[in-house]
Amino acid sequence: MFNFGIESYRPHWLNGRSAVAASHARQLRALIGRSLSHVWLVWDMQANAWLSDGPVLLDFSGEQVEINHQKFDDLSITWNTIDPRRPVVWADFDLEWRQGMYPELQEFEGQALQDVELLEWIGSDMAQGTVAVGFHFPRGQLTVYNALDENGLEFEPPDERYQRHSLR
């Protein structure tokens, strides 16, 4: 199994909202009320850009959720398996974990999580059925979504073509 150059990372790929909810709804719900401490992204040092193929780490006061998308509908959520102080070793890339690279992400730090949603794409296109994870904070929302074989980040309310499933 490919680990994206992250020593301790073993993604567990799931498809569809039901499978994601069955495996992770309880732990995601338990994050509600916790403050977001850090968001870590894999950073490509040569391109000076986010390598969106790697997992997105959200640390909620010591409970770290690791979210990753691949292909058209694969979603992996893991918990507390990645140490962002350890190197990312991927051939032909100069990578490291970075935080604070997007002002929008920094704005969420210190805010208590109000809700988590599983967002199911119901549009009539090839993305139908993909699952994103939405995090609601007092002053905004962060969505980690499938950007067709990589992760995407959105800082606005979800598109109306997402069916929203609150875990609150």
Side-chain angles (χ1 to χ4, degrees), residues 1-17 19-31 34-111 113 116-119 121 126-127 129-135 137 140-155:
M1 173 181 304
F2 185 64
N3 69 356
F4 297 85
I6 303 163
E7 180 182 320
S8 58
Y9 184 52
R10 302 292 177 267
H12 179 73
W13 301 108
L14 298 170
N15 302 102
R17 185 187 59 84
V20 174
S23 295
H24 298 289
R26 183 182 55 76
Q27 278 185 282
L28 287 167
R29 187 179 306 111
L31 296 175
R34 295 179 82 122
S35 293
L36 180 65
S37 304
H38 305 287
V39 178
W40 295 90
L41 304 173
V42 176
W43 202 256
D44 183 331
M45 301 302 290
Q46 292 174 330
N48 192 30
W50 173 36
L51 182 75
S52 54
D53 291 340
V56 175
L57 313 183
L58 294 98
D59 181 343
F60 287 91
S61 305
E63 184 73 8
Q64 181 173 276
V65 59
E66 304 147 354
I67 301 173
N68 205 1
H69 291 90
Q70 74 171 8
K71 300 181 183 175
F72 293 118
D73 60 354
D74 287 354
L75 170 60
S76 174
I77 298 176
T78 53
W79 298 88
N80 302 306
T81 66
I82 298 172
D83 182 350
R85 296 169 299 183
R86 306 279 303 153
V88 180
V89 182
W90 193 345
D92 301 322
F93 286 93
D94 180 13
L95 305 173
E96 66 180 46
W97 289 104
R98 287 283 182 96
Q99 60 179 352
M101 301 310 291
Y102 289 101
E104 298 92 341
L105 290 174
Q106 287 182 290
E107 290 180 26
F108 296 123
E109 291 180 5
Q111 292 188 50
L113 185 65
V116 181
E117 292 180 322
L118 295 180
L119 305 167
W121 187 260
M126 65 189 312
T130 62
V131 178
V133 185
F135 298 91
F137 297 94
Q141 176 166 335
L142 167 62
T143 300
V144 183
Y145 67 94
N146 187 323
L148 301 181
D149 201 31
E150 63 186 14
N151 295 298
L153 300 174
E154 183 62 51
F155 307 106

_To check you understand the geometry: which heavy-atom pair defines the closest contact between Y9 and T78, and what is its length?_
CE1-OG1, 3.5 Å
*asked:* Using 0.5 Å steps for rounding, measure from the CD atom of E7 to the CZ atom of R86.
replied: 4.5 Å
*Hey, what do you get for CD (Q70) to CZ (F2), rounding to the nearest 0.5 Å?*
9.5 Å
*Non-hydrogen side-chain atoms of L75 and I67 separated by less than 4.5 Å*: yes
*Determine yes or no for a side-chain-to-main-chain donor-acceptor pair under 3.5 angstrom, with S8 supplying the side chain and T81 the backbone.*
yes
*May I ask you to check whether N151 and N68 show a side-chain donor-acceptor distance below 3.5 Å?*
yes
*Under a 4.5 Å cut-off applied to non-hydrogen side-chain atoms, are L14 and S76 in contact?*
no
*With sequence neighbours left out, what residues match R29 under salt bridge (Lys or Arg N to Asp or Glu O under 4.0 Å)?*
none
_Using side-chain contact (heavy atoms from CB on, under 4.5 Å), reason through L118 and L28 one step at a time and then give a plain yes or no._
CA-CA 10 Å; L118 295 180; L28 287 167; 4.2 Å; yes
*State, to 0.1 Å, how close D73 and N146 come at their nearest heavy-atom pair, and which atoms those are.*
N-ND2, 3.7 Å
*For M45, which residues count as a side chain to side chain contact (heavy atoms under 4.5 Å, CB included) partner, sequence neighbours excluded?*
W43, D94, E96, R98
*asked:* Donor-acceptor pair, distance only, cut-off 3.5 Å: does the side chain of H69 make one with the backbone of V131?
replied: yes
*Rounded to the nearest 0.5 Å, what's the gap from CZ on F72 to CG on L148? Could you check?*
6.0 Å
*asked:* Could you tell me if the side chain of T143 sits less than 4.5 Å from the side chain of F155, heavy atoms only?
replied: no
*Taking atom types as modelled, find out whether W79 and Q64 have a side-chain donor-acceptor pair closer than 3.5 angstrom.*
no
*If we only count heavy atoms from C-beta on, is the V133 to E117 side-chain gap below 4.5 Å?*
no
Side chains of residues 49-62: which donor-acceptor pairs under 3.5 Å do they make with residues two or more places apart or in other chains?
unit_1 : atom_1 : unit_2 : atom_2 : d
S52    : OG     : E150   : OE1    : 3.0
D59    : OD1    : S61    : N      : 3.3
D59    : OD1    : G62    : N      : 2.7
S61    : OG     : S35    : O      : 3.0

*Just jot down the ring pair (Phe, Tyr, Trp, His ring centres under 6.0 Å) partners of F93, sequence neighbours excluded, or say none.*
W90
Please output the side-chain donor-acceptor pairs of residues 102-111 that fall under 3.5 Å, not counting sequence neighbours, one pair per line with the distance.
unit_1 : atom_1 : unit_2 : atom_2 : d
Q111   : OE1    : R139   : N      : 2.9
Q111   : NE2    : E107   : O      : 2.7

_Atom pair CZ (R17) and OG1 (T130), whose distance is rounded to the nearest 0.5 Å_ = 13.0 Å
*Taking the side chain as C-beta and beyond, is there a heavy-atom pair between F4 and V42 under 4.5 Å?*
no
*Contacts of E154 that satisfy salt bridge (Lys or Arg N to Asp or Glu O under 4.0 Å) - sequence neighbours left out*: none
*Judged by atom type as modelled, is there a donor-acceptor pair below 3.5 Å linking the side chain of H24 to the main-chain atoms of I77?*
yes
*Side chains of L95 and D44: does their closest heavy-atom pair fall under 4.5 Å?*
yes
